[in-house]
Amino acid sequence: MSQNPTKHTKVLIIGSGPAGYTAAVYAARAMLNPILVYGSEPGGQLTTTTDVENYPGFADVIQGPWLMDQMKDQAKAVGTEMIEDHIQSVNLKSTPFEAVGDNGQKFTADSIIISTGAQARWLNIKSEQEFRGFGVSACATCDGFFFKEKEVAVVGGGNAAVEEAMFLTKFASKVKLIHRRDSLRAEKMLQKKLMENKKIEIIWDTIIEDVIGDKDPKNVKGIKVKNVKTNKIDEIKVDGLFVAIGHDPATSLFKDQLKMDNEGYLITKPDSTETNIPGVYAAGDVKDKIFRQAVTAAGMGCMAALEAEKHLSHK
């Protein structure tokens, strides 16, 4: 395959989703002619979410994949060059920064906006993936509303799991927290609140073996669980399952070049999207493990583009 010439841009955006697309819209409107490189899952986590009711500007329920298509088309319409490629290496040690795609395509950039996002960790059982979006979710703030007066289960033992369980008690009539150990990892304050909540029942030493439900229309009816100490198998009737065993930010590409926290999230300066390298910005779930919403990711994408523009105008 003949080598394509190096592509140079003022702003290279790595990753799509609300952060990347919004950064592209702002950078393109600032006449910076950005290039956005998206991988095998354009639109990110939102493309696995069907009903979106909390994105401002839409009185009717919209679909996650549709929202991402709209953002992508908008970014294109104002002048973003979209390239499907998977960036496999970056060099941020000198400017212009360099990135190389899977097929050897080289990109050079005066600034980089990283919006590679994160993936929820899943239990990796077949039925869990079958019912994803149909009663199985990894986001209580996104989907809790759909379980009014229903019974749900949450799996996990850390802060995220406890927070999801507490949040779900606003809607669900009963929440069962399922944890594979006999104690939680969550901070003590949270545990105390959890234990005091009458709607929550904790099921210790237990793992989920299977999700049970109807195929047509698809909906969850229950879960099959196993006690790890006794190996006893039980079926629990629930209408929904929330998986809260953590997220993995897509940051392995930037190891040893950008500052990260112990979970691999990129660290940015306070009130800024700038990383420890001037001209390199991080927006969305790749740096945000607190809010993880489409609207906050989009907001950070906007910030990153404005900061990149300012940085470039001073050069």
Using atom types as modelled and distance alone, determine if a side-chain donor or acceptor of [X] lies under 3.5 Å from a backbone N or O of [Y].
X	Y	answer
Asp288	Ala283	no
Gln191	Leu184	yes
Asp261	Glu263	yes
Glu201	Lys174	no
His8	Thr108	yes
Thr273	Gly301	no
Glu274	Lys269	no
Thr268	Ser272	yes
Asp85	Asp102	yes
Ser127	Val211	yes

For the [atom1] atom on [X], are there more than 12 heavy atoms of other groups (residues, nucleotides or ligands in this structure) within a distance under 6.0 Å?
X	atom1	value
Asp271	CG	no
Met195	CE	yes
Glu41	CD	no
Arg121	CZ	yes
Lys93	NZ	yes

Are the side chains of [X] and [Y] in touch, meaning some heavy atoms are under 4.5 Å apart?
X	Y	result
Leu177	Ile203	no
Asn54	Gln293	yes
Thr275	Lys287	no
Glu309	Ser313	no
Ile113	Val11	yes
Lys226	Thr206	no
Glu81	Lys7	yes
Lys221	Asp214	yes

Distance, nearest 0.5 Å, that separates [atom1] of [X] from [atom2] of [Y]:
X	Y	atom1	atom2	answer
Ile62	Met68	CD1	CE	8.0 Å
Glu84	Tyr38	CD	OH	4.5 Å
Ile290	Glu163	CD1	CD	10.0 Å
Lys176	Lys199	NZ	NZ	13.0 Å
Met166	Thr169	CE	OG1	6.5 Å
Leu168	Ser173	CG	OG	11.5 Å

Partner residues of [X] under the ring pair (Phe, Tyr, Trp, His ring centres under 6.0 Å) criterion, sequence neighbours left out:
X	result
Phe58	Trp66
Tyr21	none
Phe171	Phe167

Closest non-hydrogen atom pair between [X] and [Y], with its separation:
X	Y	value
Thr251	Gly264	OG1-O, 2.6 Å
Val162	Ala186	CG2-CB, 3.5 Å
Ala27	Ala305	N-CB, 3.9 Å
Ala244	Glu164	CB-CG, 4.0 Å
Ser16	Gly43	OG-N, 2.9 Å
Ala165	Val154	CA-CG2, 4.0 Å

> In the hydrophobic cluster built from side-chain contacts under 4.5 Å, what are the other members alongside Ile233?
Replying inline: none
>> Taking transitive links into account, so neighbours of neighbours count too, which hydrophobic residues share a cluster with Phe97 at under 4.5 Å side-chain distance?
In response: Leu12, Ile14, Ile35, Val37, Ile83, Ile87, Val90, Leu92, Phe107, Ile112, Ile114, Leu253, Phe254, Leu258, Met260, Leu266, Ile277, Val280, Val286
Hydrophobic cluster membership, [X] vs [Y], 4.5 Å side-chain cutoff:
X	Y	result
Leu194	Trp204	yes
Ile236	Val136	yes
Val52	Phe146	no
Leu46	Met300	no
Leu241	Trp122	yes

>> So, using side-chain contact (heavy atoms from CB on, under 4.5 Å) as the criterion, who are the partners of Thr80 when residues are at least two apart?
In response: Ala24, Ala28, Pro34, Leu36, Ala75, Met82
>> Would Phe147 and Phe242 count as a ring-ring contact (aromatic ring centres under 6.0 Å, His included) here? Give the steps.
In response: CA-CA 11 Å; Phe147 293 91; Phe242 287 83; 5.4 Å; yes
>> Let's go through Ile178 and Ile223 carefully: what are the C-alpha distance in whole Å and the side-chain angles of both, what is the deciding distance for side chain to side chain contact (heavy atoms under 4.5 Å, CB included) to 0.1 Å, and is it a yes or a no?
In response: CA-CA 11 Å; Ile178 296 164; Ile223 48 176; 3.4 Å; yes
Ion pair check, [X] and [Y], cut-off under 4.0 Å:
X	Y	result
Lys218	Glu130	no
Lys126	Asp210	no
Glu209	Lys224	no
Arg132	Glu128	no
Asp205	Arg180	no
Asp234	Lys232	yes

>> Between Lys106 and Glu98, is the side chain to side chain contact (heavy atoms under 4.5 Å, CB included) condition met? List the steps.
In response: CA-CA 7 Å; Lys106 220 181 199 186; Glu98 248 174 48; 3.6 Å; yes
> Checking side-chain hydrogen bond (donor to acceptor under 3.5 Å, both in side chains) for the pair Gln119/Asp248: CA distance, chi angles, key distance, verdict?
Replying inline: CA-CA 5 Å; Gln119 282 93 24; Asp248 294 311; over 6 Å; no
